[in-house]
Amino acid sequence: MAGATDISEVIAPDETFASMTDEVSSIILRPHRRIGWWIGFGIGFALTVLLATALAALSAIGIGIWGDNIPVAWGFAIANYIWWTDIATGGALISALFLLTRSEWRTAIHRIAETMMLFATAAGGLMPIFHLGRYWYAYWLFPYTNVMGAWPQFRSPLHWDFVALIAFVASIVLFWYIALIPDLATLRDRASGRIVRVLYGLFALGWQGSSRQWRHFRITYWTFAGLMTAEVVAAHSVVGLDFAAGMTPGWHSTFLPPYFVIGAALTALAFILLLIIPVRWGYPLATMITLRHVDVLAKLLLTSSLFMAYCYWIEAFMPFYGGVPADIWTINASFYGTYSFAYWGKIALNAILPQLLWFRPVRRCEPAVFAIALGVVIGMWLEYFLLIVGSLNRGYMSSRWFIYVPSFWDWATVAGTVGLFVAGLFLFLRFVPTLPMFEMRELIQRYRHKGDAA
C-alpha cells in the first residue's frame, strides 16, 4: 500500500511499547471523570429503557400497536433488522478480510469494527423475533430434527435466514472474544485491585503469553478470519434470498444477494467512520488512530458508493427491460409515489453525497467525513424502508394497495435499538481495550525493524 512504509501514516513515530500500552490500558484501569462518557451512556441507557417499554407494550397489547397491516405485514421491524444486520456483517467482513490481506491500517480500528458488529447483531436480532407477534414460538425456526413434519419449514427462506443468523452470531462472538484474550491478560497484569485482577484473569483464560499459546492463538484467529469472510458473504446473501425467493413486485430478482452484500459493506464503512472519529478525539488515541485511517476508510466508502450506484441503475433498468407491469408500476411509484422521498433520499445520500470523497481535502476533513458517513447511514435505512414498504404496499391487485404509516411505537423501537447499540458501545469503551494492544506492539516492532534496516 502506498505510503505504508512511513510509520507516521498509521501510528505516531514516538509511540513505544510502554507508552502505547499505558495509554490504552489507562482508559480502563485509571478512568478519568469523562462527562462525555456519562452523557453518551445516559442517552443510550434512556433509549434502551424506551426499547424495553416498547417491547413490553408490544407483548401486552399485540403487534397491532405498530403500523403494520396486510399487505404491509413487514414494516419498520424488518427494515431495522436488515439495517442492523448490514452493520454487523459489514463490520465482520471488513475486520476479517483486511486481516487476511495484512492491511496495516486495520490494526487500530478492527476492535471497534468487531464490537460494532457485536452490538449491531444484538440490536437487530430482537426485531424478527418480536415481529412474529407470538415471539414465544420463535423456537420453531431453530434447526432441529423435524419429528412432527410440521416445523421447522426447511423450504422457507426465513428458516434459511435464521440458521445463517445463528451461525453468524456464534462466529462473531468467538472471533471478537479470541482477539481480546491477550489484551485481557495485559489488563490483569497491570490492574491494582484484587477483584479487577481476578475478573480480567478469569476472562483471560489463563493466558501467559508462551510461544505455544501464541502459536495456537494465531492459528485459531486466522482460521476464524477465513471462515468469517466466507460466512459473512453467505449469511447476508441469504437475507437477500428472503426477498429474491418471493413473488412480490420489486423483490423477485437474482441481483438481490450481491446487492445486499454491497449494501452491508457501504453501511459498515460509514458506521465505522461515525465511531472512530469521536473516539479518536474523545480518548487519547489520536496518535494511534491517525488521519491515514480516516482517509483509507473514506476511499473505501467512496468505492462502495460507486458499486451501490451501479446497483441502483440496475434496479431502475430491469423492470422496464423485463416488461412485467407490476414491476414497472412499483419502480414508477418509487420515482414519484407516496414513498418517493425515500427513493430520492437514498440516491442523494448513498450515491451522490459520497462523491465528495474524490477530493483529498474532504477526506482529510473529519467533520466533512463524519457528515457524509452519517448521510450514508441514514440513506441505507431509507433504502431498506423503501425495499420493504415500497414493494408490499403495491401488490398485483389494486384491492390490496395500502399506505403504511408508522406509529409512535414503530419510531420508539427504532430509537430504542439505536440506544441499545450506543449503551453497549459505551460499556465497551469503559471495560474493554479500545485498541488491540498486542497487534499495536507488533506494528511498532515491524516499523522499528524497517527503520533499523534503513
Side-chain angles (χ1 to χ4, degrees), residues 50-51 54-55 57-59 61-86 123-124 126-135 157-158 161 239-240 242-253 256 259-260 263 267 312 315-316 319 324-350 377-418:
L50 177 62
L51 174 64
L55 295 181
L58 179 72
S59 302
I61 303 172
I63 204 169
I65 66 172
W66 286 346
D68 303 0
N69 205 339
I70 301 299
V72 186
W74 292 358
F76 269 22
I78 302 302
N80 291 341
Y81 163 67
I82 303 172
W83 186 62
W84 283 117
T85 305
D86 254 13
L126 294 173
M127 295 298 97
I129 294 175
F130 280 92
H131 189 265
L132 294 173
R134 299 176 180 178
Y135 54 85
L158 294 180
D161 192 10
V239 177
D242 289 351
F243 299 90
M247 296 302 293
T248 303
W251 290 2
H252 193 63
S253 175
L256 282 179
Y259 176 69
F260 271 55
T267 312
Y312 288 157
E315 179 187 42
V324 178
D327 289 338
I328 295 174
W329 174 259
T330 299
I331 193 63
N332 281 333
S334 298
F335 292 156
Y336 47 78
T338 305
Y339 304 109
S340 60
F341 71 92
Y343 182 83
W344 296 112
K346 75 174 188 177
I347 295 295
L349 296 174
N350 297 338
V377 168
I378 296 172
M380 288 307 298
W381 189 89
L382 292 174
E383 158 70 30
Y384 295 123
F385 168 78
L386 184 65
L387 178 70
I388 300 294
V389 177
S391 294
L392 289 176
N393 83 313
R394 286 288 187 270
Y396 290 99
M397 297 184 296
S398 58
S399 60
R400 290 176 58 84
W401 291 358
F402 173 75
I403 300 300
Y404 169 82
V405 179
S407 69
F408 164 80
W409 296 108
D410 284 299
W411 289 110
T413 305
V414 175
T417 56
V418 174

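Remember, it's a predicted structure, so these values are computed and weren't measured experimentally.
Of the residues V405, I403, V389, the one that meets the side-chain contact (heavy atoms from CB on, under 4.5 Å) test with T338 is I403. Tested against Y384, the residues T85, D86, T267 include a single side chain to side chain donor-acceptor pair (under 3.5 Å) partner, D86.
Counting only distance, with no hydrogens or angles, the side chain of W381 and the backbone of A79 share no donor-acceptor pair below 3.5 Å. Within the 3.5 Å criterion, the main-chain N or O of A73 finds a donor-acceptor partner in the side chain of H131. The backbone N or O of I65 sits less than 3.5 Å from a side-chain atom of S407, completing a donor-acceptor pair. Side-chain atoms of W251 come within 3.5 Å of backbone atoms of L387 as a donor-acceptor pair (strictly under, hydrogens ignored). Judged purely by atom type and a 3.5 angstrom limit, D410 has no side-chain atom pairing as donor or acceptor with the backbone of F76. Within the 3.5 Å criterion, the main-chain N or O of V414 finds a donor-acceptor partner in the side chain of T417.
Between M380 and N350, the shortest heavy-atom contact is SD-ND2, 3.3 Å. A pairwise comparison of heavy atoms in Y81 and P128 identifies CD1-CD, 3.6 Å as the closest pair.
Ring centers of Y339 and F385: under 6.0 Å apart, within the cut-off.
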### Message
Walk me through whether L51 and L55 qualify under side chain to side chain contact (heavy atoms under 4.5 Å, CB included).
### Response
CA-CA 6 Å; L51 174 64; L55 295 181; 4.0 Å; yes

### Task
Starting from the C-alpha separation in whole Å, work towards a yes-or-no answer on side chain to side chain contact (heavy atoms under 4.5 Å, CB included) for W329 and V324.
CA-CA 9 Å; W329 174 259; V324 178; over 6 Å; no

### Query
Given F243 and I82, is the side chain to side chain contact (heavy atoms under 4.5 Å, CB included) satisfied, shown in steps?
CA-CA 11 Å; F243 299 90; I82 303 172; 3.3 Å; yes

### Message
One pair to check against side chain to side chain contact (heavy atoms under 4.5 Å, CB included): W74 and D68. What are the steps and the verdict?
### Response
CA-CA 6 Å; W74 292 358; D68 303 0; 5.9 Å; no

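Considering CG of L58 and CH2 of W66, their distance stands at 5.0 Å, rounded to 0.5 Å. One distance of note links CG of L126 with CG of N80; it measures 11.0 Å at 0.5 Å rounding. Rounded to the nearest 0.5 angstrom, L386 CG and Y343 OH are separated by 8.5 Å.
Under 3.5 Å, the side chains of Y312 and E383 contain a donor-acceptor pair of N or O atoms.
When the side chain to side chain contact (heavy atoms under 4.5 Å, CB included) test is applied to N332, the partners found at least two apart in sequence or on another chain are F320, I328, F335, Y336. The side chain to side chain contact (heavy atoms under 4.5 Å, CB included) test applied to Y135 returns S59, I129, F130, not counting sequence neighbours.
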